[in-house]
Amino acid sequence: MGERPQLISDGHEMRRWVRGAQQSGQRVGFVPTMGCLHAGHLSLVRRASEDCQRVVASIFVNPTQFGPHEDFGRYPRQLPADLDMLSSLSVDAVFAPSVDEMYPAGYSTYVEPPAIARRWEGECRPGHFRGVATVVLKLFQMVPADASYFGHKDFQQARVIECMVRDLNVPMEIHVEPTVREPDGLALSSRNAYLSEEERHRAVGLWRTLQLAQQLSHGRTKASDQMLPQLHEELGRHVDQIEYIAICDVQTLEPVTTVRPGNVVLIAARLGSTRLIDNLVLS
Ligand code: AMP
């Protein structure tokens, strides 16, 4: 194991650290996370360290992106284990602010997310992207890196952040990296820890459904109303509740009527009390 990264919880100190590195000519990469790290997060860190001389990861379970009945309270938190995992990679600093540091008494400013946030996750989780956009913009102020790294796994989130950065002239490169999966295709997620053994087996249904979409579209154009019933049937065989299956334009995230290569299939489903999302861009 390498050296433990420097742990910083103060926003001003974090900003000075990043500015100092940049003033000595180093490019700084930033990987924001909510912790409970897995190989998906680590792939973002590896990508950042290929691109940048210095890498900062943040660990912050952001209360403003959780709805009142969501899993903020039970979201897994394991800072010491996360720091151990990051020690094995070339992470130089970990920014782990407290909730009070991010949202002190009297905090009342929020980012109105772009139009692309309206559907899908935005509809199922009211207020979610307002919280995401707010915390990401705040983190970008405290960690004013050159580039930041996000996962394709949260496809709509990455698009929301790209739009926000463009619309608000935020000087930050956004990189979106491929989804890391278990051998059976299940996308790695901190929330997979909630699944019982039986639910874990059924969770592969999300990936099977995405693969079916790929097979049905076969690299040709096809009507989405021909494909969607079969996708619903496949996913319904595995999960307890389908929140949505949509085939969308990658730019607008509006549903398409004619499916073409390059469209994205978005899925959200529940197994017991666990909510999982996944997606695939059709090739
Ligand atoms: P989270 O800790 O869930 O907020 O995720 C932090 C970052 O890791 C986000 O940019 C996610 O999209 C990304 N991420 C989560 N799961 C995966 C995965 N399986 N593969 C690649 N990136 C991921």
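What you are looking at is a predicted structure, and each value in this text was computed from that prediction instead of being measured.
- Interatomic distance, Arg47 CZ to Glu177 CD, rounded to the nearest 0.5 Å: 5.0 Å.
- For the pair Lys138 and Tyr103, the cation-pi test (distance below 6.0 Å, angle within 45°) is passed.
- In this structure, Trp207 is not a member of the same hydrophobic cluster as Ile277, with clusters built from ILVMFWY side-chain heavy atoms closer than 4.5 Å.
- Linking ILVMFWY residues whenever their side-chain heavy atoms come closer than 4.5 Å, directly or via other members, leaves Ile245 and Leu253 in distinct clusters.
- Scanning all heavy atoms of the two residues, the minimum distance from Gln251 to Ile116 falls at O-CD1, 3.1 Å.
- For the pair Tyr194/Arg74, a side-chain contact is recorded, criterion being any heavy-atom separation below 4.5 Å from C-beta on.
- For the pair Asn192 and Arg200, the minimum side-chain heavy-atom distance is 4.5 Å or more.
- Within the 4.5 Å cutoff, the side chain of Phe95 has no heavy atoms near those of the Leu7 side chain.
- Residues in residues 260-283 take part in no ring-ring contact (aromatic ring centres under 6.0 Å, His included) pair, two or more places apart or across chains.
- Donor-acceptor pairing under 3.5 Å is recorded for the side chains of Trp17 and Gln6.
- The two residues Met142 and Glu101 come nearest to each other via the heavy atoms CE-OE2, 4.1 Å.
- The pair Glu243-Arg270 meets the salt-bridge criterion, since a charged nitrogen lies less than 4.0 angstrom from a carboxylate oxygen.
- The stretch residues 234-282 participates, sequence neighbours left out, in these ring-ring contact (aromatic ring centres under 6.0 Å, His included) pairs: Trp120-Tyr244.
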>> I'd like to know whether Thr33 forms a side chain to side chain contact (heavy atoms under 4.5 Å, CB included) with Phe60, so could you lay out the CA-CA distance, the side-chain angles of the two residues, the decisive distance to 0.1 Å, and finally the verdict.
In response: CA-CA 7 Å; Thr33 82; Phe60 179 63; over 6 Å; no

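- In this structure a side-chain-to-backbone donor-acceptor pair under 3.5 Å is missing from Gln22 to Val28.
- A distance of 12.5 Å separates CD1 of Ile59 from OG of Ser9, quoted to the nearest 0.5 Å.
- No path of Ile, Leu, Val, Met, Phe, Trp and Tyr side chains, each step under 4.5 Å between heavy atoms, connects Val61 with Val135, placing them in separate hydrophobic clusters.
- Legend: salt bridge (charged side-chain N to carboxylate O under 4.0 Å, His left out) pairs involving residues 147-160, not counting sequence neighbours, sorted by first then second residue: Arg159-Glu162.
- Residues Pro32 and Ser58 are in side-chain contact: their nearest non-hydrogen atoms beyond the backbone lie under 4.5 Å apart.
- Closest approach of Gly40 and Leu188 over heavy atoms only: N-CD1, 3.6 Å.
- Within the 4.5 Å cutoff, no side-chain heavy atoms of Met172 are placed close to those of Asp146.
- Side chains of Leu282 and Val259 form a contact here, defined as non-hydrogen atoms less than 4.5 Å apart.
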>> Pair Val94, Leu83 - check side chain to side chain contact (heavy atoms under 4.5 Å, CB included), show working.
In response: CA-CA 8 Å; Val94 171; Leu83 293 176; 3.8 Å; yes

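- Taking hydrophobic clusters as Ile, Leu, Val, Met, Phe, Trp and Tyr residues chained together by side-chain heavy-atom distances below 4.5 Å, Val160 shares a cluster with Val250.
- Nearest heavy-atom pair, Met85 versus Ser88, reported as atom, atom and distance to 0.1 Å: O-OG, 2.6 Å.
- Between atom CG of residue Leu79 and atom SG of residue Cys36 there is a gap of 11.5 Å, rounded to the nearest 0.5 Å.
- Using a 4.5 Å heavy-atom cutoff, the side chains of Arg181 and Leu186 are not in contact.
- Between Val91 and Val56 the shortest side-chain heavy-atom distance does not fall below 4.5 Å.
- Every residue two or more places apart in sequence or in another chain was checked for a side-chain hydrogen bond (donor to acceptor under 3.5 Å, both in side chains) with His128, and none qualifies.
- Remark: the Arg208 side chain and the Gln211 side chain contain no N/O donor-acceptor pair separated by less than 3.5 Å.
- To the nearest 0.5 Å, atom CD1 of residue Ile267 and atom CD1 of residue Ile247 are 9.5 Å apart.
- In this structure Phe155 satisfies the ring-ring contact (aromatic ring centres under 6.0 Å, His included) test together with His152, sequence neighbours excluded.
- Under a cut-off of 6.0 angstrom, the local environment of NE2 in His201 is sparse, with at most 12 non-hydrogen atoms contributed by other residues, nucleotides or ligands.
- In terms of heavy atoms, Ser196 sits closest to Glu199 at N-OE1, 2.9 Å.
- For Gln26 and Arg54, the side-chain atoms include at least one donor-acceptor pair closer than 3.5 Å.
- Taking every heavy atom of both residues into account, Ala268 and Glu121 meet most closely at CB-OE2, 3.9 Å.
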>> Phe129 vs Val111, test: side chain to side chain contact (heavy atoms under 4.5 Å, CB included). Steps then yes/no.
In response: CA-CA 9 Å; Phe129 284 126; Val111 176; over 6 Å; no

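- Asp71 has no carboxylate O lying under 4.0 Å from a charged side-chain N of Arg275, or vice versa, which leaves the two without a salt bridge.
- Between atom CG of residue Leu139 and atom CE of residue Met14 there is a gap of 10.5 Å, rounded to the nearest 0.5 Å.
- Here salt bridge (charged side-chain N to carboxylate O under 4.0 Å, His left out) pairs that include residues 102-118, with residues two or more places apart or in two chains, are Arg118-Glu254.
- Relative to the ring axis of Tyr110, Arg130 places its NZ or CZ within 45° and under 6.0 Å from the centre.
- Atom-to-atom distance recorded for Leu42:CG and Leu37:CG is 6.0 Å, nearest 0.5 angstrom.
- For Arg46 and Glu50, the salt-bridge test fails: no basic side-chain N is under 4.0 Å from an acidic carboxylate O.
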>> Quick one, Met34 with Ser190, criterion side chain to side chain contact (heavy atoms under 4.5 Å, CB included). Give me CA distance, side-chain angles, the key distance, then yes/no.
In response: CA-CA 9 Å; Met34 296 207 299; Ser190 309; over 6 Å; no

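- By the rule that hydrophobic residues join a cluster once side-chain heavy atoms approach within less than 4.5 Å of another member, Val239 and Leu266 end up as members of separate clusters.
- Of the N and O atoms on the side chains of Asn62 and Thr64, at least one donor lies less than 3.5 Å from an acceptor on the other residue.
- Judged by distance alone, the side chains of His232 and Glu234 never bring a donor and an acceptor atom under 3.5 Å apart.
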